Amino acid sequence: MDLKQIKTLLEDAFNKELTDGKKRHIVFWYDDDGEFKEDIDSLELENAKILTLSDNNIFFVKYQLEKADTQSNYLIYAPFGKPSSRENYLLDVLKYSMEFSTDKATVIMRDLNVSEDSLKSTFRKYIKFFNNKDRYKIFKSYEIENYTEEIIDVAVLSALCRLPYPDFDEVLRILLMEEDFKCNKYLEAIEKFGRTDVLWKLADKYYGYTDHEPDLEKLAILLLVTNVAYSLSGDIPENWRKYISSKKADCVVFLSNFMNHSLYSESYDRLANYIEEKLKLSEYIKNWEVEDYIRCDTFKVFDETIVKKLKEQLVADIGEFEKYRDIIQERRTKHWYNLYKYEYECIYWAIDLFDFWKRTGSEIKQYSPLEFMEKYSKEYYKIDTAYRKFYVSFDRLSNKELLMELKDKVENVYVNGYLNTLSIKWADSLETLKEDWKIPGMIMQKDFYSTYIKPFNNRGERVFVIISDGLRFEAAKEFCDLLNRERKGSTEILYMQGSIPSNTSIGMASLLPHKSILIDEEFKVYVDDIDSKGTGNRNKILNNYSKESLAVQFTDIVDMKRDEMRKFFSGKELIYIYHNTVDARGDNDKTEREVFDAVEEAYKELMALINDLVNNVSATNIVVTSDHGFIYKRGNLTESDKITKGSIEDAYENRRFVLSTKPLELEGTMTFGMEYLLEPGSNLKYISPRGINRFKVQGAGANYVHGGTSLQEILIPVIKFKNDRSKDRKNELRKVDVKLTSITRKITNTISYLEFFQTEKIEDKRIPLRLKVYFVDEDNNRISNENIIIADSKSENYEDRSFREKFVLKNRKYDKTKKYYLVMEDEEETVEKIYERIPFIIDIAISDDFGF
């Protein structure tokens with residue numbers, strides 16, 4: 001640094017604004033090697049006088065500054081090093097003055113307001129780092145208040161990793177997130193402008209990683225193997241033991257926060273997959289029991305193997321269903337669950353299907369038609385739901401081959417076991433009706449309007465009727481539960497005996513108000529002498545019963561804005577809305593495989609529609625029903641599934657029925673008269689295959705059918721929803737509560753177990769709560785691993801709604817006079833995520849890794 005630069009720096013210092021009541025600037029310049037001793041006399045400052053220190057003039061200088069001239073700015077130049085405090089007779093003046101140095105480290109320290117001289121050697125080691133303006137800017141932005149050697153080290157590493165704040169954990173994460181350990185840009189920056197020895201020293205101090213030839217790959221192995229050792233119940237492989245850290249708690253907490261962080265999880269997955277291959281973990285896991293690694297979530301191979309073993313046991317008919325459910329329950333809170341979400345869901349629904357069939361299959365006896373309907377509406381429908389949900393997940397699998405055997409077994413149990421058994425016994429029960437389609441004790445679909453809708457009109461109340469084509473009872477039951485959980489109001493599901501044929505033309509006509517229904521020679525269906533096909537015609541029929549009525553297609557109103565919708569429905573008291581997502585997909589041979597997906601899509605559309613009706617036009621009374629149900633099976637049809645009927649003149653033919661005025665004798669069929677719906681004396685007959693068989697008809701598309709008499713086709717749902725606008729909390733939707741039940745609020749060990757309790761079961765308007773739970777310090781820094789609590793139990797049993805969670809604290813010194821917090825975070829909330837924040841005292845006498 002030349003004299004001109006020094007003059008500029010000094011004048012800048014003297015021109016600074018005076019603060020803290022100062023009246024002038026006094027600057028001390030200790031020139032350790034006397035480099036500028038010969039030049040000091042030629043230095044001229046515009047706004048300061050210069051005094052040169054020597055061994056003999058210290059008291060003169062002190063007198064000059066404190067007595068003779070107390071107004072002027074002074075530069076005190078000493079051509080020697082700064083004396084110790086004990087020997088510095090101008091120390092009192094120095095205390096309220098500034099220091100100037102031509103040493104780069106000192107300049108940096110002065111700029112950063114670092115007064116501790118012992119840190120000069122540390123700053124000198126990083127001169128190359130500070131020579132870059134961008135790096136210096138990042139370091140300075142940290143606004144560090146209390147400097148130590150380690151704080152400087154960490155800040156330099158953090159700046160080289162481009163972090164917004166200094167944190168060694170974040171430094172490690174950034175280094176490990178790079179895809180290539182050998183060509184790691186951040187590590188290269190540390191090698192060039194920082195100190196790799198400091199990096200490894202800190203890795204040893206905080207994570208127990210020490211190696212004669214340290215590198216990032218071996219550090220990653222140590223962290224992940226240590227995490228496995230923490231959660232593995234069995235013995236760790238002998239050749240892995242050298243990678244188990246002495247600081248297990250810190251490794252566990254670090255990896256927990258790494259893998260569960262929304263910004264880092266993808267990088268963690270890549271790292272874990274790489275190390276999994278390095279460790280050849282798939283070879284070791286073959287010799288372990290699922291119970292050994294049920295809590296391990298370090299690597300994805302744990303979930304992959306669990307899925308395979310559960311599949312194998314289900315296919316082998318071992319039948320430990322509760323055990324399998326417990327395993328899936330345990331895995332739901334683990335890191336890799338979402339990657340195998342659809343595999344687990346397939347297994348879960350297969351378990352439900354097999355378990356239910358095992359328990360009830362032999363109990364399907366010969367009931368009356370009414371008893372069968374009651375049994376189906378309460379129990380049997382669950383198998384149809386399990387089958388449908390299995391395929392919803394199966395169709396989303398990226399690797400279907402993994403569960404192909406399980407799919408085959410699901411198909412066999414569902415079709416050859418459940419469907420065939422139920423349909424045959426149900427058909428036998430229908431024979432007792434003696435060709436009369438009226439089941440005593442049942443409300444019929446043709447009475448829908450008079451039973452469920454007309455009472456609203458009689459009371460002068462507006463009612464919306466949503467008819468979802470093909471929404472069978474089991475699917476409607478699930479939708480009813482969804483609606484109950486998502487909307488404030490009362491919801492119930494009823495059922496009625498569907499019309500035959502269970503097809504759209506008859507079902508839609510039956511749901512309309514009517515005095516008469518007839519079918520002409522061309523098999524067109526008329527309601528009160530009006531063709532019932534088409535929205536316009538149905539609107540005419542409704543208008544005969546209510547002038548303030550309207551029939552409309554869902555597709556015509558789905559995109560309406562609030563004002564449009566209000567205007568559209570203004571003054572209308574009876575509104576029929578026709579929705580067609582399920583049947584439209586199922587009744588097309590090109591898309592029938594997507595019918596179960598269509599059900600899921602229908603839920604979303606119906607929920608959005610109901611929300612719009614409630615929010616936009618203040619709908620209070622909404623009834624959701626269907627024209628018919630359906631049968632669908634995924635497997636290929638065989639010849640035994642089909643009945644040959646030949647060509648029939650003057651008949652309406654379908655895969656599931658024939659309508660004819662002529663006697664028709666076909667083996668394996670049932671016949672019913674149509675007088676139940678048409679005028680007395682009608683000679684029209686309905687003929688349908690017994691069970692779930694189809695008539696042999698040319699053309700593709702026979703897996704999805706309706707028109708027959710199976711329970712799945714003719715048990716028609718009626719969902720009654722009444723919106724609640726009152727302030728009464730009875731029908732208000734809310735999540736269940738979860739409470740910490742452990743009495744103590746003091747942690748005395750690095751490993752602690754806490755008890756939590758779901759205070760109420762899932763039912764009606766009580767919906768699940770998902771929580772992240774972890775400990776933080778007063779500055780909100782995480783100091784523990786993270787646990788997930790999924791409170792979704794429907795059980796009355798206290799134990800089923802209890803959670804015992806294991807917390808591991810970082811291995812560090814804790815101040816028992818400070819507050820630490822257990823944070824319960826609802827990750828589904830978008831604004832206020834903190835569910836509860838509970839203060840704790842941490843009083844750990846000896847910080848160690850006991851308990852691992």
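As the structure is a prediction and not an experimental result, all values here were calculated from the model.
The minimum heavy-atom distance linking Leu9 with Phe100 is given by the pair CB-CE1, 3.7 Å. Annotation for Leu119 and Glu149: closest pair CD2-N, 3.7 Å, computed over non-hydrogen atoms. The minimum heavy-atom distance linking Trp336 with Thr298 is given by the pair NE1-O, 3.3 Å. When all heavy atoms of Asp32 and Gly81 are compared, the pair lying nearest together is OD1-CA, 3.5 Å. Looking at every heavy atom in both residues, Leu175 comes nearest to Leu187 through CD2-N, 3.7 Å. Here the shortest heavy-atom pairing between Val93 and Glu66 reads CG2-OE2, 3.4 Å.
In this structure, Leu771 and Leu769 have side chains that are in contact, with non-hydrogen atoms separated by less than 4.5 Å. By the 4.5 Å heavy-atom criterion applied to side chains, Lys248 and Asn811 are not counted as neighbours. For the pair Phe258 and Met177, the minimum side-chain heavy-atom distance is below 4.5 Å. Residues Arg837 and Met824 fail the side-chain proximity criterion, which asks for heavy atoms closer than 4.5 Å. Side-chain contact between Glu755 and Phe803 is absent, with no heavy-atom pair separated by less than 4.5 Å. Within the 4.5 Å cutoff, the side chain of Val27 has no heavy atoms near those of the Ile76 side chain. Looking only at side-chain heavy atoms (C-beta outward), Phe123 and Leu112 come within less than 4.5 Å of each other. Counting only heavy atoms from C-beta outward, the side chains of Ile26 and Asn73 never approach each other to under 4.5 Å.
Ion pair Lys22/Asp20 not flagged as a salt bridge, since none of the NZ, NE, NH1 or NH2 atoms sits closer than 4.0 Å to an Asp/Glu carboxylate oxygen. A salt bridge links Lys810 with Asp169; the closest basic N to acidic carboxylate O contact falls under 4.0 Å. Looking at Lys278 and Glu217, a side-chain N of the basic residue comes within less than 4.0 Å of a carboxylate O on the acidic one, giving a salt bridge. Classification of Asp250 and Arg812 as a salt-bridged pair fails, no side-chain N sitting under 4.0 Å from a carboxylate O. A salt bridge links Arg173 with Glu170: the distance from a Lys NZ or Arg NE/NH1/NH2 to an Asp or Glu carboxylate oxygen falls below 4.0 Å. Residues Asp211 and Lys218 are paired through a salt bridge, judged by an N-O separation under 4.0 Å between the basic side chain and the carboxylate. We find that Lys62 and Asp92 are joined by a salt bridge, their nearest charged nitrogen and carboxylate oxygen being less than 4.0 Å apart. Looking at Lys819 and Glu778, no side-chain N of the basic residue comes within less than 4.0 Å of a carboxylate O on the acidic one, giving no salt bridge. A salt bridge is defined here as a Lys NZ or Arg NE, NH1 or NH2 lying under 4.0 Å from an Asp or Glu carboxylate O, and Arg270 with Glu266 fails to meet this definition. Salt-bridge check for Glu786 with Arg782: passed, with a basic side-chain N closer than 4.0 Å to an acidic carboxylate O.
Every residue meeting the ring pair (Phe, Tyr, Trp, His ring centres under 6.0 Å) condition with Phe807, not counting sequence neighbours, appears here in chain and number order: Phe775. Lys82 is linked by a salt bridge (Lys or Arg N to Asp or Glu O under 4.0 Å) to Glu99, Asp117, counting only residues two or more places apart in sequence or in another chain. Remark: Phe28 pairs with no residue by the ring pair (Phe, Tyr, Trp, His ring centres under 6.0 Å) rule, at least two apart or across chains. For Glu188, there are no salt bridge (Lys or Arg N to Asp or Glu O under 4.0 Å) partners, not counting sequence neighbours. Every residue two or more places apart in sequence or in another chain that forms a ring pair (Phe, Tyr, Trp, His ring centres under 6.0 Å) with Tyr207 is listed here: Phe254. The side-chain hydrogen bond (donor to acceptor under 3.5 Å, both in side chains) search around Tyr337 returns none, not counting sequence neighbours. Partners of Trp240 under the ring pair (Phe, Tyr, Trp, His ring centres under 6.0 Å) rule, at least two apart in sequence or in another chain, are Tyr284. Legend: residues meeting salt bridge (Lys or Arg N to Asp or Glu O under 4.0 Å) with Glu116, ordered by chain and number and at least two apart, are absent. Applying the side-chain hydrogen bond (donor to acceptor under 3.5 Å, both in side chains) test to Asp777 and every residue at least two apart in sequence or in another chain returns Asn781. For Tyr136, the side-chain hydrogen bond (donor to acceptor under 3.5 Å, both in side chains) criterion is met by Asp111, not counting sequence neighbours. Listed by chain and residue number, nothing satisfies the side-chain hydrogen bond (donor to acceptor under 3.5 Å, both in side chains) test with Tyr89 (two or more places apart in sequence, or in another chain).
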Sequence neighbours left out, cut at 3.5 Å: what donor-acceptor pairs do the side chains of residues 151-162 make with other protein atoms?
| from | atom 1 | to | atom 2 | distance (Å) |
| --- | --- | --- | --- | --- |
| Asp153 | OD1 | Tyr126 | OH | 2.6 |
| Ser158 | OG | Val154 | O | 2.7 |
| Ser158 | OG | Asp167 | N | 3.0 |

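Judged by distance alone, the side chains of Ser72 and Asp69 do bring a donor and an acceptor atom under 3.5 Å apart. In this model, a donor atom of one side chain and an acceptor atom of the other lie less than 3.5 Å apart for His335 and Asp269. Side-chain atoms of Tyr774 and Glu825 form a donor-acceptor pair, as typed in the model, at a separation below 3.5 Å. Tyr186 and Glu178 share no donor-acceptor pair across their side chains, judged by distance under 3.5 Å alone. No side-chain donor from either of Ser42 and Asp39 sits under 3.5 Å from a side-chain acceptor of the other.
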Can you check side-chain hydrogen bond (donor to acceptor under 3.5 Å, both in side chains) on Ser54 and Asn57, steps first, answer last?
-> CA-CA 6 Å; Ser54 67; Asn57 71 343; 3.1 Å; yes
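A cation-pi arrangement is absent between Arg135 and Phe130, since the terminal nitrogen or guanidinium carbon is not both under 6.0 Å from the aromatic centre and inside a 45° cone about the axis.
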